[in-house]
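Just so we're on the same page: letters track the sequence lines, and every chain starts at 1.
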Amino acid sequence: MGVTLTALAVLGALAGGALLTAWFEPKLKRANEPGPAAPIRFAPEPKLENADRWMYLAGPVLVLTAVALGMVVVPFGPGLVGQDLGIGVFYFIVVLDFAVLGLSLGGWGADTKNAIEVYYRATAQLVSYVVPLGLAYIGAIMMARSLSTIQIVERQRELWYIIPQPIGFALYVVTGLMQAYRAPFLEPFSSRIGHGVLSAFGGWKLLFWRVAMSGLLFLVAAMGAVLYLGGWHGPWLPAPVWMLIKTFALMALMLWLGRKVPPLSTARMLELSWKILTPVGLLNVLIVGGLILLGVGQK
Amino acid sequence: MTLGIAAQWFAFVAFSLIGLAGALGMATTMSMFRSGIFLMASFLGVAGLFILLSADLLSLLQIMMYIGGMLVMILFMVLFSHDPGGAMMAAMKMARLEKFFSLGIKPMRMDHGGSESHEQDEGNDHQSEGHHQENGGEQHEEHRSHGEKHQHQRAHHEQQAGKGDGDGQGGHGEHGGHEEQGGHGGMDMSMTTPVKRHAAVLAALMGLLLVGLLLARPNWAVMDATPNPNSAQQVGSLLMGKYMMAFEGAGLLILLGIFGAVWLARPGEHPGTESRDAPVAEDGQPASLREDRLQPIVPGRRRLSVLVPHDIHADRDGDHELADVPEESAADKEQPSEHPHHEQDEHNQHSQHKT
């Protein structure tokens, strides 16, 4: 496949995934719940007095770019991947950081009281999830002995990593919710600040935010399926179908669990992250190391 | 996947341009926030060059470090800076380059003086200052002739202007230096300094020297071996094997650095000034994280009650009547609605009015 064709296929997959997510997510939510999927009407652009115009534009564009770049390494079948990078999973973590950057730039650029608050909160959220998220990835990476998404899925042919590593999976569910700004961790999109950037943008930019935020949730769930649920492996059905089923099953689980907990403020999220999730993640790494020495998941 | 030679050149030029333009923008833009973003862009350009050199792991590490790190750094800068968005600075007369990199920033109108401390600025002693800033260079001559007097006034003014006027003060001081050296500036508070031109020449010369040295170096070793696709694995085993002591030692040093920072940041006993004590007194007994709760999303779920000891809040507010109102209201009074964490705020404040 040529580069252009691959790029188009990746964009198509992103559009499809985001669309499915946008259709699926509201089914699990109350009518006017805050969050990146909050029901806000598409409106013309609000008048912003002091906007830093270039930063304002960069926000939605950068977020969508980040999500599209992250889509490149998500595999939907053997060989059905944008590009099988040798360091695919690490690339994925890094590239999704651009989404935080986009959120910050958009929030700052809009220069309304609420939008700037988004920048502060998104950055604090980044600080709180980045370490436990990395630790959640490391468990699967250690067992697969590879950073390539294709390799990680291949090594789970016999044993999905959720079975030997339930702690790692739980950690991924929590940190994934933080990364996707979903239910208990929706501070940057809280209704108290007018749904964050969503109220400061209109027109095609708002559409970009919507697609990017749905795509982000889709990516997070898909990567969870790759890391812990054996990716495309499964009987009878073709590989991409299994991948989609697992992705949406994980998404449903995450959203459902997330809504069971009252929303956490940024301070409490940081507390949770550094006092609980990070030690648990380190413990998981230790356990997984022991399991590997015992030969679990190794051929 | 290998790129054609044309594509490689194109990528090289593009990434180099991003790196250079980012650095230039960082130094010339009026917005501190943009300055940080430009620096980030510059590092991302360098990361692109790393990819061209087939050092993909290094490149991704660079991106990861600089996006997260820079965002947090900018956040701290915004917290402590007087004019992080550059609206005030953008109202000054700017050089062409500065203007280019500050495109899209809406200048603050000086006659209205959107910021409090700046209003103070103008109201204080020099009327001509505000006027001067608007008209830029035209007032230049007059300004210079009054240089001595202005400097005097400035010294006076700097004492009066409270803290938090960091940018303004810096600009004034700089400008004072200007006039002493018979500088060419008429741009008050601008980032121009008389040595800028010399510095630019010096930097260009240094750059030329470096490029010259590189070109003059004989016998470039050219390798056409394909780079190892498992470089990440190799780096990993080297870090955990051969270079383990150095790697872990660096980690230990960083940990010690963190301990040191925490130790330095602990509350001290040294005497402070009034202005320094004010925020300390305010944060002397911060509300515990336990009370920092939000309303549950799922309806019908029992709201988590906010339990705050009376005495703390009564003391902090200096309002002892408050101790009598229900606990939730006391908590909310003490954290006014600027804190959007509290979903209950509005709610409770209404009820408080009734009580």
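- For the atom pair CG (B:Asp56) and CG (A:Leu85), the distance works out to 7.5 Å, reported to the nearest 0.5 Å.
- For B:Met40, the part lying under 4.5 angstrom from a heavy atom of chain A is the side chain only.
- Interface residue A:Val127: only side-chain heavy atoms are found under 4.5 Å from chain B.
- At a 4.5 Å heavy-atom cutoff, B:Leu79 makes no contact with chain A through either its backbone or its side chain.
- Both the backbone and the side chain of A:Phe98 come within contact range of chain B, judged by heavy atoms closer than 4.5 Å.
- Counting heavy-atom pairs under 4.5 Å between each of B:Leu71, B:Ile37, B:Leu57, B:Val72 and chain A puts B:Leu71 at the top.
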Step-by-step side-chain contact (heavy atoms from CB on, under 4.5 Å) determination, A:Phe92 to B:Leu60: CA-CA 10 Å; A:Phe92 185 82; B:Leu60 287 182; over 6 Å; no

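- Considering all non-hydrogen atoms of both residues, A:Leu126 and B:Gly68 come closest at CD2-CA, 3.6 Å.
- Note that the OH atom of B:Tyr66 and the CG atom of A:Leu101 stand 15.0 Å from one another [nearest 0.5 Å].
- Contact count against chain B (heavy-atom pairs under 4.5 Å) is highest for A:Trp108 among A:Tyr91, A:Trp108, A:Trp54.
- In this structure, A:Asp97 CG and B:Met65 CE are separated by 9.0 Å, a value rounded to the nearest 0.5 Å.
- With a threshold of 4.5 angstrom between heavy atoms, B:Ile67 approaches chain A through side-chain atoms but not through N, CA, C or O.
- Counting all heavy atoms, side chain and backbone alike, A:Arg145 lies closest to B:Gln233 at O-NE2, 3.9 Å.
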